[in-house]
Amino acid sequence: MRRRTLSIARHASGFTLVEVLLTLLIMGGIMLSLTQILTAARTSRDTIHNIQETQLAGPAILDMIERDLRGLTTFGRPRTEQLRIKNRVMLGMDGDSIDFVTTSDTLAQHVIDDRFVRADWCEIGYRLRQSPESDQFLEIYRREAFGVDEQPFEGGNFVLLHERVKSFDVQSFTADGPDEDPLDEWGTDRNEDAAGLPARIEITLVLELAPRLVNEQLRIAPIDRRTLTYKRVLRMPEGLRVDEDAIPMPKIPEAPRPAASTPGAPGGGGVPPTTDGGAPK
């Protein structure tokens, strides 16, 4: 009788099917809650990343362009080689380009005589091209050439600044006023009258946010799909907007000429003057 009771007690000590199912249900609820928490944290992180990118990328690019334009120099440059703005349209979007010579130090270092140096004068430009990964965006690049050569608007190294550009529009104005009409090109063959420097330049940059981890996110916040427009107005100094003949040009100093020989000086070949001021005898 005792053996049978012990045997029944030993079989009754295991988990029933209801207990197992209840345990799985509780564990499933916990895992689901953890997944939702992690998804919300990742979405918040990506949203913050995208907002910071929008608030920093656009102003940073325009600050770089403004800094380069503030250092624009016309010394020794004819009016046709001071500034060039080209009107370009790519994929139905504005993709203008701007090139000039500036006194801003180059960002990249070059090796000369085993030393890393930066150029005090360099060629700078901003160009766009179609994004190779998408036909809905343009890529903006900064062109930088060490020193200045005979073709200040060509050559150099290109550095990618942003890959989701919707528009880059550069307009120039011959006079600074609210009623002035903008010019789409400056210093090009299409508009030969617009040479030298304009009175005002307006740059408009449109960027679209790049959603982070798009393929992994279950939901994309509406803020991740918006585009932002940045605009910068730059006025050129009057001292740089001068006529062709007033542009300062470097000159090679001439060698000093020997003084003209005076009568009676050694080697002068003249007649020595008399001591009494009269005619020579």
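Reckoned from all heavy atoms, side chains included, excluding hydrogens, waters and symmetry mates.
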*Asks:* So that I can tick it off, tell me whether Arg200 and Asp176 are bridged by a salt bridge, with the cut-off set at under 4.0 angstrom between side-chain N and carboxylate O.
*Replies:*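 Counted as a salt bridge, because a side-chain N and a carboxylate O are separated by less than 4.0 Å.
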*Asks:* Identify the two heavy atoms, one from Arg143 and one from Pro152, that lie closest to each other, and give their separation to 0.1 Å.
*Replies:*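 For Arg143 and Pro152, the tightest heavy-atom pair comes out as NH2-O, 3.1 Å.
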*Asks:* Supply the atom-to-atom distance Ile61 CD1 to Leu207 CG, rounded to the nearest 0.5 angstrom.
*Replies:*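 Between atom CD1 of Ile61 and atom CG of Leu207 there are 5.5 Å.
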*Asks:* Enter the distance from Met64:CE to Arg142:CZ here, rounded to the nearest 0.5 Å.
*Replies:*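 Separation between the atoms: 6.0 Å.
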*Asks:* Please examine the side chains of Glu163 and Phe137, heavy atoms only from C-beta on, and report whether any two atoms are closer than 4.5 Å.
*Replies:*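 No; the side chains remain at least 4.5 Å from each other.
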*Asks:* CD1 of Ile124 to OG of Ser104: how many Å apart, nearest 0.5 Å?
*Replies:*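 One gets 7.0 Å once the value is rounded to the nearest 0.5 Å.
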*Asks:* In Å, rounded to the nearest 0.5 Å, how long is the span from SG of Cys122 to CG of Leu107?
*Replies:*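 So the gap between those two atoms works out to 8.0 Å.
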*Asks:* Is Val165 reachable from Val206 through a run of hydrophobic residues whose side-chain heavy atoms are each under 4.5 Å from the next?
*Replies:*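 As far as the 4.5 Å side-chain criterion goes, Val165 and Val206 are not connected within one cluster.
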*Asks:* Tell me, with the steps shown, if Met236 and Ile201 meet side-chain contact (heavy atoms from CB on, under 4.5 Å).
*Replies:* CA-CA 8 Å; Met236 298 291 101; Ile201 297 177; 4.3 Å; yes
*Asks:* Are more than 12 heavy atoms from other residues, nucleotides or ligands located less than 6.0 Å from atom CZ of Arg190?
*Replies:*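 At most 12 heavy atoms, drawn from other residues, nucleotides or ligands, come within 6.0 Å of this atom.
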*Asks:* Find out if a path of hydrophobic residues (ILVMFWY) with successive side-chain heavy-atom gaps under 4.5 Å connects Leu83 to Phe168.
*Replies:*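 As far as the 4.5 Å side-chain criterion goes, Phe168 and Leu83 are connected within one cluster.
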*Asks:* Answer yes or no: is there a side-chain heavy-atom contact under 4.5 Å between Arg67 and Arg70?
*Replies:*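 They are not in contact (no side-chain heavy atoms under 4.5 Å apart), so the answer is no.
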*Asks:* With clusters defined by side-chain heavy atoms of hydrophobic residues (ILVMFWY) lying less than 4.5 Å apart, directly or transitively, does Leu69 cluster with Trp121?
*Replies:*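 No, Trp121 does not connect to Leu69 through the hydrophobic network.
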*Asks:* Under 3.5 Å, side chain of Gln171 to main-chain N/O of Ile203, donor-acceptor pair present?
*Replies:*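 No: the side chain of Gln171 does not pair with the backbone of Ile203.
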*Asks:* Could you tell me whether the side chain of Arg235 and the main chain of Ala199 form a donor-acceptor pair under 3.5 Å?
*Replies:*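 Side chain of Arg235 to backbone of Ala199: no pair is present.
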*Asks:* Looking at Asp94, is its backbone amide N or carbonyl O close enough to the side chain of Lys166 to form a donor-acceptor pair, meaning the two atoms are under 3.5 Å apart?
*Replies:*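 No.
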*Asks:* Check the hydrophobic clustering (I, L, V, M, F, W, Y; side-chain heavy atoms under 4.5 Å; chains of links allowed) and say if Leu62 and Phe173 are grouped together.
*Replies:*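 No, no single cluster joins them.
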*Asks:* Starting from the C-alpha separation in whole Å, work towards a yes-or-no answer on side-chain contact (heavy atoms from CB on, under 4.5 Å) for Leu91 and Gln136.
*Replies:* CA-CA 7 Å; Leu91 302 175; Gln136 299 180 357; over 6 Å; no
*Asks:* Is Glu154 salt-bridged to Arg84, cutoff N-O under 4.0 Å?
*Replies:*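 Salt bridge between Glu154 and Arg84, a charged N being under 4.0 Å from a carboxylate O: yes.
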*Asks:* Are the side chain of Thr103 and the backbone N or O of Gly71 linked by a donor-acceptor pair below 3.5 Å?
*Replies:*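 Between the backbone of Gly71 and the side chain of Thr103 there is a qualifying donor-acceptor contact (under 3.5 Å).
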*Asks:* Counting N and O atoms only, with roles assigned by atom type, does the side chain of Gln36 sit under 3.5 Å from a partner on the main chain of Ser33, one being a donor and the other an acceptor?
*Replies:*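 No, the answer is negative, given that no donor and acceptor are paired below the 3.5 Å cut-off.
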*Asks:* Any ion pair linking Arg232 and Asp63 (charged N to carboxylate O, less than 4.0 Å)?
*Replies:*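 Salt bridge flag = yes for Arg232 with Asp63.
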*Asks:* Would the distance check show the side chain of Arg129 and the main-chain N or O of Leu138 forming a donor-acceptor pair, the cut-off being under 3.5 Å?
*Replies:*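 Not confirmed, Arg129 side chain does not pair with Leu138 backbone.
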*Asks:* Are Ile65 and Val101 connected into the same hydrophobic cluster when the rule is that any two of I, L, V, M, F, W, Y join if their side-chain heavy atoms are below 4.5 Å apart?
*Replies:*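 No: no chain of side-chain contacts under 4.5 Å links Val101 to Ile65.
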*Asks:* Please determine whether a side-chain nitrogen of the Lys or Arg among Glu185 and Lys86 lies less than 4.0 Å from a carboxylate oxygen of the Asp or Glu.
*Replies:*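 Answer for the salt bridge query: no.
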*Asks:* Side-chain contact test, heavy atoms from C-beta onward, threshold under 4.5 Å: evaluate it for Leu183 versus Thr174 and give yes or no.
*Replies:*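 The answer is yes; the side chains approach within 4.5 Å.
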*Asks:* I'd like to check Glu202 versus Ser172 (side-chain heavy atoms, cut-off strictly below 4.5 Å). Are they in contact?
*Replies:*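 Heavy-atom side-chain distance check fails, nothing below 4.5 Å.
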*Asks:* Quick one: closest heavy-atom pair of Leu240 and Leu72, and the distance?
*Replies:*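 Looking at all heavy atoms of both residues, the closest pair is CD1-O, 3.8 Å.
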*Asks:* Could you check Tyr126 against Asp68 for side chain to side chain donor-acceptor pair (under 3.5 Å), going step by step and ending with a plain yes or no?
*Replies:* CA-CA 11 Å; Tyr126 291 87; Asp68 292 335; 2.5 Å; yes
*Asks:* Please check if the side chain of Gln82 supplies one atom and the backbone of Ala195 the other of a donor-acceptor pair under 3.5 Å.
*Replies:*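 A pair under 3.5 Å: no.
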*Asks:* Atom NE2 of His162 and atom OG of Ser131: how far apart are they, to the nearest 0.5 Å?
*Replies:*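 If I round to the nearest 0.5 Å, the distance is 11.5 Å.
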*Asks:* Less than 6.0 angstrom from the centroid, inside 45 degrees of the normal: does Arg127 satisfy that with respect to the ring of Tyr141?
*Replies:*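 Geometry flag: not set, cation outside 6.0 Å or 45°.
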*Asks:* For Gln151, look at atom CD and say whether over 12 heavy atoms of other residues, nucleotides or ligands are found less than 6.0 Å away.
*Replies:*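 Open: at most 12 neighbouring heavy atoms sit under 6.0 Å from CD of Gln151.
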*Asks:* Counting only heavy atoms not in Glu244 (residues, nucleotides, ligands), do more than 12 fall under 6.0 Å from its CD?
*Replies:*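 Yes - once you tally the heavy atoms of other residues, nucleotides and ligands closer than 6.0 Å, there are more than 12.
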*Asks:* If you take all heavy atoms of Pro198 and Trp186, which pair is closest and at what distance?
*Replies:*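 Of all heavy-atom pairs spanning Pro198 and Trp186, the closest is N-CZ2, 3.4 Å.
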*Asks:* As an exercise, state the distance from CG of Leu205 to CG of Asp169, rounded to the nearest 0.5 Å.
*Replies:*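 Going from CG on Leu205 over to CG on Asp169, the span is 10.5 Å.
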*Asks:* Which pair of heavy atoms, one from Glu180 and one from Ala175, lies closest together, and at what distance?
*Replies:*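 Closest approach of Glu180 to Ala175: CG-O, 3.3 Å.
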*Asks:* Shortest non-hydrogen contact from Gly156 to Ala145?
*Replies:*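 Minimum heavy-atom contact is CA-CB, 3.9 Å.
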*Asks:* Is any side-chain heavy atom of Arg164 closer than 4.5 Å to a side-chain heavy atom of Thr227?
*Replies:*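 No, too far: nothing below the 4.5 Å cut-off.
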*Asks:* If you look at every heavy atom in Gly76 and Ile247, which pair is closest and at what distance?
*Replies:*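 Looking at all heavy atoms of both residues, the closest pair is N-CG2, 4.2 Å.
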*Asks:* Passes side-chain contact (heavy atoms from CB on, under 4.5 Å), Val20 versus Val18? Steps please.
*Replies:* CA-CA 5 Å; Val20 173; Val18 176; over 6 Å; no
*Asks:* Could you walk me through whether Leu197 and Arg79 pass the side-chain contact (heavy atoms from CB on, under 4.5 Å) test, one step at a time?
*Replies:* CA-CA 8 Å; Leu197 295 181; Arg79 288 168 57 87; over 6 Å; no
*Asks:* Using a 4.5 Å cut-off on heavy atoms from C-beta on, say whether the side chain of Arg241 contacts that of Glu238.
*Replies:*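 Side chain of Glu238 against side chain of Arg241, heavy atoms only: contact under 4.5 Å found.
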